[in-house]
Amino acid sequence: MRKVALITGITGQDGAYLAEYLIKKGYTVHGIKRRSSMFNTERIDHLYQDPHIENRSLILHYGDLTDSLNLTRIIGETQPDEIYNLAAMSHVKVSFDTPEYTANADALGVLRILEAVRLLNLAHKTRIYQASTSELYGLVQEVPQKETTPFYPRSPYAVAKLYGYWITVNYREAYGMHASNGILFNHESPLRGETFVTRKVTRAVSRIALGMQNKVYMGNLSAKRDWGHAKDYVRAMYAILQQDEPSDYVIATGITTTIRDFIRMSFDEIGVGIEFQGEGVQETARLTGIDEKRFTHKVGNEYIETFRKRIGEEVVGVDPNYFRPSEVDLLIGDATKARTRLGWEPKYSLNALIEDMMYNDLKLMKKDFYLKKEGYTILNYFE
Ligand code: NAP
Ligand code: F7E
């Protein structure tokens, strides 16, 4: 018998990698996707199977975390062995603009899933993974952060996730459910949403290298994050649900880096040097030089001529619109528990993550570049 998994948020970054991982392990994967006016399945299109095929390994259902009747029906129909609750309004800055919706989806959504499993008498069959987050630590009370570090959330997103965390613990303790939290630190990839900082940077650096964009405006350059690769982090989600006992785990690399250094490393990946000057909203970065061999190898011969002329130009500025009303300044995780109990180790270093993201964004942006040359208008929605 194939195991059955249900993934909420299957169209997102982690949902896509997890679906692929579970299908490779022989699972039948059910996924919940929201109705959208456009196709929103780009990240999982390579896994899609025609509904007329028998014994499909991927089956999609329309649904929403704010609709308990819909969630209860899908869980009842699919009778999953494992539920991975990855769906969420996951953007911290946007949660300040949509706090009520964020609480509905990210806090009550978790309750709806747990309660559906209980009411359907699946509490002893269905294991549940809740996508908790390092944002719970917010104004950090300890460095590095581990499972026992007190929480201090700093955004509507983090406060909603705090409810999700505790309701998961409560259902485990009250009803003996196999329900666990993965407290995942930031994880990124070529599939990362375009408005999260790492992807915004790798897209912008690619466009600057190809001569498609002059400058990128950023928010707080001094914030520090512990960044890993999403591919490594979905392995941890799976491992958590394979344990005999449910529990909560920090998943992190243990290395923290400023946004400023992430930008520097992304330019360096293609052989470009930059220098930061000034402070606060006056801070800028200029192009200082090129390693032409590396640039040509990574970006291509045809772009070097134009790029050479740009040395000395400003390529990074600060726009306070990207600042958050309350910020999380420093995150660095201690994943000792995951290492010892799950045997989990990340395979990607930060350099390898940046290499993967830059390679993919350069490829994507080149497609736009050629379309532009052919006379098509390319709208850049993310600047
Ligand atoms: P993501 O790329 O933003 O994906 C979020 C997914 O949730 C998308 O499939 C989205 O659908 C779906 N979704 C949003 N609101 C929904 C709703 N009301 N009902 C049903 N589906 C909804 O996020 P991610 O980076 O993959 O993260 C996965 C989970 O881990 C999230 O819960 C996030 O909060 C949490 N997390 C992420 C990180 C990280 O660094 N990536 C770290 C810790 C925790 P659409 O595609 O239609 O928008
Ligand atoms: O910001 C700073 C910003 O939006 C990281 C989500 O997946 O990880 C993510 O949340 C840092 C912050 O991620 C810009 O102020 C500077 O300090 O990439 P981010 P996040 O807020 O850490 C956690 C673990 C989650 O759970 C969330 O779901 O970068 N920053 N300049 C900027 N951030 C953005 N987005 N854009 C900027 O221009």
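All values reported here derive from a predicted model rather than from experimental measurement. Order of listing sets the numbers, starting from 1, for every ligand and every atom in it. Every heavy atom of this structure was used, including side-chain atoms; hydrogens, water molecules and symmetry mates were not.
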How far is atom 2 (O) of ligand 1 from its nearest protein heavy atom, and which residue and atom is that? Q13 N, 3.0 Å
Residues which pass side chain to side chain contact (heavy atoms under 4.5 Å, CB included) with E345, listed by chain and number, not counting sequence neighbours: R339
More than 12 foreign heavy atoms under 6.0 Å from CD of Q141: is that the case here? yes
Hey, is ligand 1 close enough to R43 that some N/O pair sits below 3.5 Å? no
Looking only at distances, can you tell me whether any N or O atom of V197, backbone or side chain, sits closer than 3.5 Å to an N or O atom of ligand 2? yes
Between R324 and ligand 2, which residue portion shows a heavy-atom distance shorter than 4.0 Å: side chain, backbone, both, or neither? side chain
Quick test of your reading of the structure: of A87, S189, G9, whose heavy atom lies closest to atom 21 (N) of ligand 1? A87
Greater than 12 external heavy atoms within 6.0 Å of Y101's OH: yes
Y233 near ligand 1, heavy-atom distance under 4.0 Å? no
Would you mind listing which atoms of ligand 2 come within a distance below 4.0 Å of any non-hydrogen atom of T133? 23 (C), 24 (C), 25 (C), 26 (O)
Assess K93 against Y157: is NZ or CZ under 6.0 Å from the centre of the six-membered ring, and within 45 degrees of the ring's axis? no
Geometry only, no angles: is K200 polar-contacting ligand 2 at N/O separations under 3.5 Å? yes
List the steps, then state whether ring-ring contact (aromatic ring centres under 6.0 Å, His included) holds for W227 with Y348. CA-CA 10 Å; W227 283 296; Y348 279 83; over 10 Å; no
F151 and Y165 aromatic centres sub-6.0 Å: yes
State whether the number of non-hydrogen atoms from other residues, nucleotides or ligands found under 6.0 Å of Y152 atom OH is greater than 12. no
Does the N or O separation between T133 and ligand 1 drop below 3.5 Å for any pair? no
Does the residue F323 have a heavy-atom contact with ligand 2, meaning some pair of atoms that are separated by less than 4.0 Å? no
Set out, in order, the CA-CA distance, both residues' side-chain angles and the distance that settles salt bridge (charged side-chain N to carboxylate O under 4.0 Å, His left out) for R264 and E275, then state yes or no. CA-CA 8 Å; R264 217 190 314 262; E275 191 176 73; over 6 Å; no
Around atom NZ of K224, are there more than 12 heavy atoms from other residues, nucleotides or ligands closer than 6.0 Å? no
Which ligand 1 atoms does T11 reach within 4.0 Å, using its non-hydrogen atoms? 8 (C), 9 (O), 11 (O), 45 (P), 46 (O), 47 (O)
Contact partition for D329 relative to ligand 2, non-hydrogen atoms under 4.0 Å: neither
If we only count N/O pairs under 3.5 Å, is L65 in contact with ligand 1? yes
Please confirm whether G219 comes within less than 3.5 Å of ligand 2 when only nitrogen or oxygen atoms on both sides are compared. yes
For Q277, is the CD atom crowded, meaning more than 12 foreign heavy atoms sit under 6.0 Å from it? yes
Polar proximity ligand 1 side, Y157 side, N/O cut 3.5 Å exclusive: yes
Does K161 have a non-hydrogen atom less than 4.0 Å from ligand 1? yes
When rounded to the nearest 0.5 angstrom, what distance separates OG1 in T253 from CG in D226? 3.5 Å
Among all protein heavy atoms in this structure, tell me which lies nearest to atom 13 (O) of ligand 2, with the distance rounded to 0.1 Å. N186 ND2, 3.7 Å
May I ask whether H91 places a heavy atom under 4.0 Å from ligand 1? no
Is the contact between R192 and ligand 2 made by the side chain, the backbone, both, or neither, using heavy atoms and a 4.0 Å cut-off? side chain
When you compare the side chains of H178 and D244, does any donor N or O come within less than 3.5 Å of an acceptor on the partner? no
If you count every heavy atom of other residues, nucleotides or ligands that lies below 6.0 Å from Y48 atom OH, does the total exceed 12? yes
Does the ring of F196 carry R192 above it, NZ/CZ under 6.0 angstrom from centre and within 45° of its axis? yes
Identify, for atom 37 (C) of ligand 1, the protein heavy atom at the shortest distance, and state residue, atom and that distance. H187 CE1, 3.9 Å
Measuring from the heavy atoms of S134, does anything fall under 4.0 Å of ligand 1? no
Distance under 4.0 Å to a non-hydrogen atom of Y101: what atoms of ligand 1 satisfy this? 15 (N), 16 (C), 17 (C), 18 (N)
Consider every N or O of S134 and every N or O of ligand 2, then say whether any pair is closer than 3.5 Å. no
among protein heavy atoms, the one nearest atom 29 (C) of ligand 1 is L86 O, 3.1 Å
Can you find a non-hydrogen atom of R225 under 4.0 Å from ligand 2? yes
Got a salt bridge between R294 and E269, using NZ or NE/NH1/NH2 to carboxylate O under 4.0 Å? yes
Please state which option from M237, K33, R34, R192 has its nearest heavy atom closest to atom 41 (N) of ligand 1. R192
So, does K224 sit close enough to ligand 2 that a heavy atom of it is under 4.0 Å from the ligand? no
Not counting sequence neighbours, which residues clear side chain to side chain donor-acceptor pair (under 3.5 Å) with S326? List them please. none
Please report whether ligand 1 has a polar contact with D64, defined as an N or O pair separated by less than 3.5 Å (distance criterion only). yes
Those atoms of ligand 1 less than 4.0 Å from some heavy atom in A88: 5 (C), 7 (O), 13 (N), 14 (C), 15 (N), 31 (C), 32 (O), 34 (O)
Less than 6.0 Å separating the ring centroids of Y303 and F307? no
Ligand-residue contact atoms, ligand 1 with N40, heavy atoms, under 4.0 Å: 47 (O)
Mark the output for F196 as yes if a heavy-atom distance to ligand 1 is under 4.0 Å, and as no if none is. no
Which residue holds the protein heavy atom closest to atom 30 (O) of ligand 1, what is that atom called, and what is the gap in Å? A131 CB, 3.4 Å
Looking at H124, I want to see if its NE2 is surrounded by more than 12 non-hydrogen atoms of other residues, nucleotides or ligands under 6.0 Å. no
Do any nitrogen or oxygen atoms of Y217 lie less than 3.5 angstrom from nitrogen or oxygen atoms of ligand 2? no
Backbone or side-chain N or O of E188 under 3.5 Å from ligand 1 N or O: no
Proximity of A223 to ligand 2 by residue part, where a heavy atom lies under 4.0 Å: side chain
Please state which part of E327 comes within less than 4.0 Å of ligand 2, counting heavy atoms only: side chain, backbone, both or neither. side chain
One finds that the ligand 2 atoms under 4.0 Å from a non-hydrogen atom of S90 are 6 (C), 27 (C), 28 (O)
closest protein heavy atom to atom 4 (O) of ligand 1 is G12 CA, 3.3 Å
Could you tell me, atom by atom, which parts of ligand 2 come under 4.0 Å of a heavy atom of V92? 10 (O), 21 (O)
Sub-4.0 Å heavy-atom contact, N186 with ligand 1: yes
When only distance counts, is L184 in polar contact with ligand 1, meaning an N/O pair under 3.5 Å? no
If you compare S90, A160, S132 by their heavy atoms, the one closest to atom 3 (O) of ligand 1 turns out to be S90
